[in-house]
Each structure stands twice: as structure tokens, then as C-alpha cells.
Amino acid sequence: MLLRFITQSKTENIIFVLSILIALIPFTAIFSYISNYVNFIFLLIILASVFLHIKKIFLPIWLLNFISIGLIIMPFLSFSLEDILLPSIEALILILSIRFLSKKSSREYFQIYLLSLLLLGSSSLFNISWIFLIRVLGMLVFTIFAILLLTYMKEVKEDFINFEKIINLFKVAIFICVISIPLSALFFVILPRTPVPLMDIGFSKTKTGFSSTVNLGSVRDIEEDKTIIMRVTMEKLSQELYWRVITFDSFDGKRWRKRVSDKDSANIYGEKINYTVTLEPLTEQYLPVLDYPLKIYIQDISQEYPGVYRMKFSPEKTIKYSATSFVNYHLKEASVSSAYLEIPKIVSEKIINLTQKITSHASNKREIAESILKYLTNYQYALKDLPTGDNPVEDFLFNKKKGNCEYFATAMALMLRIKNIPSRVVGGFKGGTYNEFGGYYIVRASDAHLWVEAWIDGQWHRFDPSGKIYRTHESVIFNLIDYLWNSIVLDYDIKAQFKLAKSLKTPEIKFTREIFLILMSLGILYGFLKIYQYFNKKRDLLNRFFIIMKKQGFERKKYEGLEEFVSKIENSEVKLKAEKFVKEYEKIYFKDREISKEEHKKLKALLEQLNETHDN
């Protein structure tokens, strides 16, 4: 058996490094939400504390107090009553960093752990994804391990610790963490839950990939937003999916609006698809549905227009609803509003002439639409350097010749109206990534899209002049973990508690032969583990020494060092042999290295001599 010992100074280094890790865990969760100067000061002080720790330099208390007051005041210099929590968290971070500059006893380390815990709790106000659980578990293991090390060094009062003992303490820390998981899960399930958050501080700023208005020429560049808008649990379809949200009918040359409010009845034919949507509160009050919707199952909604559903309240958290839609559908209406033929006054002769030119060979409305669609395929889809100015459509068609879906859809709808074909622009989302593991589509803000519907021969036909838009590869595994975390943990509320309570039934346990064999096997396994631990302990030389001495009638007290313990032995022969063992043992210990086979053999022989003294 090889033994290795670590001196007290090296143990203090381990505790110091552990403390830095404990402080960095909550910091990594919060650094993107706080001021850059606070991040810089925190990291600078941590680096300075490492240098001071290596050089064994500790700043005086009066200087630390002076620095602390200055750093705590700094975040509050520009705060407002509406945003007092963020400066408080920044002050907490700076107080935590200052703790690393002082000379550290157990008291200072416990303060660091407490401040880190408060900081981790504060980070949940910003983001509570499944990574938060990993941070909690990591912090739990490191903190328990550090506290066990601190307690051991304080209670044993020895200048060294067996390397094996450190490993055992780390195992104990992991064991405590593991056994706390079922207990925490039980509390999570049974503790009362409130339907409203205890603290609603409004940190989660709403980001939208969808807007109920379209304003051409207002921005030059658009940044893609990868925020997840919704997950749709359904079978995978082979066709491109369109998620309808809103319909625009009125265009003034720059802005699309929804003006038609008649709830016309429409006849729909197609293949029915059932699905469930888990929607983030990012589409204003509108509910995305697979195009074309038949029915949606959720309370407190209204049908604003055929195919367009809207909630009667502003959602503040994730909602879930089921729906039925048609795919490969035919949407027939007896007549349409004249609004679908209106052309803004600012449309120039250039656009009208271009429309007449590219549709000159078309003999019917369908061929006209196909001609416009084909012509626009020559244009480039882009999110940068978009057309602007007073007439963005003209700028798109004749100058830039590139744009995003808003420009493509607007240009086509306008050209259709010029050719006396009723048209409208539909806003929503296109596509999404199917997660094979979870069986659902992920639709992001970057999937927001506009397309065109043209009324030809009594039916609305979909045209997508933007064409296929390529998206980056999705990480399906992490998305699945995120989805499960949201649906199992974050969505677990008082309704889910009642549902779970009603579903619970008293299990009927039959003590069969199989159960008896399983219990007996577990008992035998437990017995083998205890026997192994007993013999493993016997193999430890120091433990063997204490066992022999206990048989001699000399038991070491916890506060006694080895030499102090041996010096109190009254039997001279036993004392002589015990001192010989301790002397050889400490030679190895103070060299802070692994014991060789020869040294182990020698110590073992000394123990045998000591044991034989007892037998004689």
C-alpha cells in the first residue's frame, strides 16, 4: 500500500483554490448581466488574491474596510428606485471578492461560501435554465468538501493530512450531495407552490422575432435572434412548415397593417394534423398555429380573423395549448374584401411598368403569380444593407435588389394587386428544427417569416417569394435537456401538484419470491461491502498501530499528537517499540511523499513486534 501525506500549508492551498471555484460558479451565471467594470474589478481582485496568497501577504483590516466601502458605494452612484436590485447584486459581488484579500481563517472562508450562495440565488432572477442545476450541484460538492477539510484540520490539530483522507473527504462530500438529491426532489414535489412569482423584478426583457406591424425601410441591418419561440410536439412532416400568426391586408407604401376585421367563413379541405404548442411569451397576444388551423384548444382566446387567434390577456410566462390544422389544404372563400386590391399612391410608374413587363406572357392569374414569383428568384435574400428611404419597395426592386422576406412578400403582393389579383401578406414562422429524440419542432425568433397569399379562382394560394432560407445545425441533445427542464421543473406548479396527488394510488406490495431474492442479494452485497471496509481499514498502518495500542490498554485522545500519545505510555517495553514505530512513520510523513514497499515492510515488521509484545 502506498501512502502520501500533504502538509498543512498545501492543504490550505487546496482550500483556497476550492474557495475560488465556489465563488466563480455563481459569477459565471451572472457576469453577462452586470456591468463590465464590476466584472473587471472582481476578476482583478481574485487574481491579486492569488498573488498575495502565494507571497503570504495579507492586507490590514483598515485598508480592506476602506476599499470595501468604496466598492460597495460605486454600483449605487447611478441607480434608480426602479432598478435597485442590480446595484445590490453588483455590491454583493464586490464584497465577495474583497473577502479573498484578507487573512483567511475558517470564519472568512465560511463568509465566502455564504456570499457565494447568496450570489447563486440572485442569479436565478436572471436565468434558471437546466445549467443552474449543474451549478448548484457543483457548488454543493465543492462547498461541502471545503467545509469538511476545514473542520478536519481544525479538530485534528495535526500538521499534516493523509492523501487518502482527502480522497475520503471528497467521497463523503459527493455522498452527501447524492443523498440530498432524493430529499430535495421530495420537497420539490410536495412543498406548496404559489401561482405567481415571489419576486417579479422584470429582468427578463421580452425579445421579439415577431411583430404585429411591418415597417419597411426602418432598419438597415437585422441581427438574427436565436431565442426559442415555441416547441411543437407532433410527428415529423416531410414538407416545409408554415406557422400562421397574423394576416396583413393594408399597405401604405412603407407599413403593413391589419384592417379587415370581417370574420368571413371559409371552406377548408386537407389532411388533419394534431399537435401541442409550448409557447414563450414572445408573440404579443397572438398564438402561432400550423397553417391552416381548424381549431385551437385553450381558454380566453378570440378568433381575430379566420386562421388568426389572439389571447384576451398578455401572457407573462410559457403557455401550452393543443390545436388541429390542415396541411396540403384548399382554402375557399366565396368573395374577398376590396381592401386586398388597394394600391398605395406612392407606387411609381416604374413598378407598374416592371409588373406589366414580367407578366406580359401570362394568360391567366395563376401564370401571372408564377411569373412574378420566378422574377423575384433573381433577387438576393439578405439581412444586411437593406433598402431604406421613402420608397423602400422601389429601392428593393431597382437599386439594392436584395432584402429580407418583408421586401420579397411586399413586392409580390403589390405586383399581384397591380394585376388586379387580390393578395395579402401573412406573418408567422417558417420551418423549424425537428428534434428526433424529443419528437418536437423547435421554432426560433430567427424563423420569423412573411409570405404571400393570392386569391385565385375562389381560393387563397400560398406563394413564398423569399424561397428556401438556410439555417444552422441545431444541437438536439441540449435542446431536449432544455425542453425537459422547462416542462418538468419550471412548469411544475400547483395545478401539476393536484394532478399528481390525484394520480397517486396506494401500491399493492406482494412479497413474492423474486422480491425476497432481491432483498437477500442486497443484504449480502451490503455485508460484503462492510467486510471489505473492515479489512481495508485493517490494512492502514496507522490504524493498525492504534488498534494494537488499544489492545495494550492505551487509547489515543483526539487532540493528542503521535509523540505526545506515545510519551504517556507507562510500559517501558511497549513504549520503546511504539516510539520506534512512530519515529520511522514520521520520517516518511514529513518527507511528504509516497511510502515505498521496503518502508512499508519495515513499518509492518515493527507493528508485528509491538503486537508480539502484547501477546507475550
Side-chain angles (χ1 to χ4, degrees), residues 205-227 229 240 242-258 282-284 286 343-355 358 372-418 423-432 443-454 462-472:
K205 296 178 180 178
T206 302
K207 292 188 289 185
T208 58
F210 163 83
S211 175
S212 58
T213 59
V214 176
N215 191 356
L216 269 66
S218 59
V219 293
R220 184 177 295 276
D221 299 327
I222 296 176
E223 295 294 333
E224 279 202 328
D225 182 1
K226 291 294 182 182
T227 303
I229 294 293
E240 189 78 71
Y242 288 83
W243 307 94
R244 180 183 292 258
V245 180
I246 191 171
T247 304
F248 299 105
D249 51 66
S250 176
F251 183 62
D252 64 3
K254 293 188 72 173
R255 286 172 290 275
W256 279 100
R257 289 191 178 89
K258 183 182 174 305
L282 300 173
T283 54
E284 301 178 16
Y286 290 94
I343 300 173
K345 296 178 180 177
I346 66 169
V347 171
S348 64
E349 287 295 324
K350 289 177 69 178
I351 297 177
I352 295 173
N353 292 336
L354 176 65
T355 304
I358 63 179
I372 297 171
L373 190 69
K374 184 178 178 182
Y375 177 78
L376 291 176
T377 57
N378 298 317
Y379 285 66
Q380 179 187 353
Y381 184 87
L383 296 176
K384 303 291 182 184
D385 191 23
L386 298 174
T388 55
D390 295 332
N391 197 335
V393 179
E394 188 170 309
D395 193 26
F396 167 69
L397 288 173
F398 300 102
N399 299 323
K400 296 289 180 63
K401 297 188 176 181
K402 65 178 183 180
N404 66 343
C405 58
E406 295 178 353
Y407 292 89
F408 282 89
T410 301
M412 182 166 186
L414 198 56
M415 288 178 166
L416 287 169
R417 292 186 181 189
I418 290 172
S423 65
R424 62 190 180 192
V425 169
V426 183
F429 300 91
K430 179 182 180 181
V443 179
R444 298 182 180 275
S446 55
D447 294 320
H449 193 59
L450 265 71
W451 60 92
V452 176
E453 285 185 338
R462 181 199 300 141
F463 295 93
D464 188 355
S466 303
K468 188 173 181 61
I469 302 170
Y470 294 96
R471 302 297 186 195
T472 55

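- Annotation: salt bridge (charged side-chain N to carboxylate O under 4.0 Å, His left out) contacts of Arg244 (sequence neighbours excluded): Asp291, Glu453.
- Counting heavy atoms from C-beta outward, Val426 and Phe248 have side chains that stay 4.5 Å or more apart.
- Residues passing the side-chain hydrogen bond (donor to acceptor under 3.5 Å, both in side chains) test with Asp390: none are found, sequence neighbours excluded.
- Applying the side chain to side chain donor-acceptor pair (under 3.5 Å) test to residues at least two apart or on different chains, the pairs with a partner in residues 344-355 are Ser348-Glu394.
- If you check the side chains of Ser250 and Arg257, you find no donor sitting under 3.5 Å from an acceptor.
- Nearest heavy atom pair, residue Ile352 against residue Val347, reads CG1-CG1, 4.2 Å.
- With a 4.5 Å cut-off on side-chain heavy atoms, Leu397 and Met415 count as touching.
- One distance of note links CD of Gln380 with NZ of Lys400; it measures 11.5 Å at 0.5 Å rounding.
- Atom CG of residue Asp464 and atom CG of residue Leu450 lie 9.5 Å apart, to the nearest 0.5 angstrom.
- The structure places NZ of Lys401 at 11.5 Å from CG of Leu376, a figure rounded to the nearest 0.5 Å.
- Under the ring-ring contact (aromatic ring centres under 6.0 Å, His included) criterion, Tyr379 pairs with Tyr375, Phe396, not counting sequence neighbours.
- Considering only heavy atoms from C-beta on, Asp249 comes within 4.5 Å of Lys258 through its side chain.
- Residues Tyr242 and Lys430 form a side-chain contact, since some pair of their non-hydrogen atoms from C-beta on lies under 4.5 Å apart.
- Between Leu354 and Phe398 the shortest side-chain heavy-atom distance falls below 4.5 Å.
- Atom CG of residue Asn404 and atom CG of residue Leu386 lie 5.5 Å apart, to the nearest 0.5 angstrom.
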If you look only at distance, which donor and acceptor atoms sit under 3.5 Å apart when one is on a side chain in residues 406-413 and the other is two or more places apart or in another chain?
| residue | atom | partner | partner atom | Å |
| --- | --- | --- | --- | --- |
| Tyr407 | OH | Gly217 | N | 3.0 |
| Tyr407 | OH | Pro387 | O | 2.6 |
| Thr410 | OG1 | Trp256 | NE1 | 2.8 |
| Thr410 | OG1 | Glu406 | O | 2.6 |

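- The side-chain heavy atoms of Leu414 and Val393, taken from C-beta on, include a pair separated by under 4.5 Å.
- A distance of 3.5 Å separates CD1 of Ile246 from OH of Tyr286, quoted to the nearest 0.5 Å.
- By the side-chain contact (heavy atoms from CB on, under 4.5 Å) test, Lys254 is found to be paired with Asn215, Asp252, Pro392, residues two or more places apart in sequence or in another chain being considered.
- Nearest heavy atom pair, residue Cys405 against residue Ala448, reads SG-O, 4.4 Å.
- Between Glu240 and Gly431, the shortest heavy-atom contact is OE2-CA, 3.5 Å.
- Between Val443 and Gly432, the shortest heavy-atom contact is CG2-CA, 4.3 Å.
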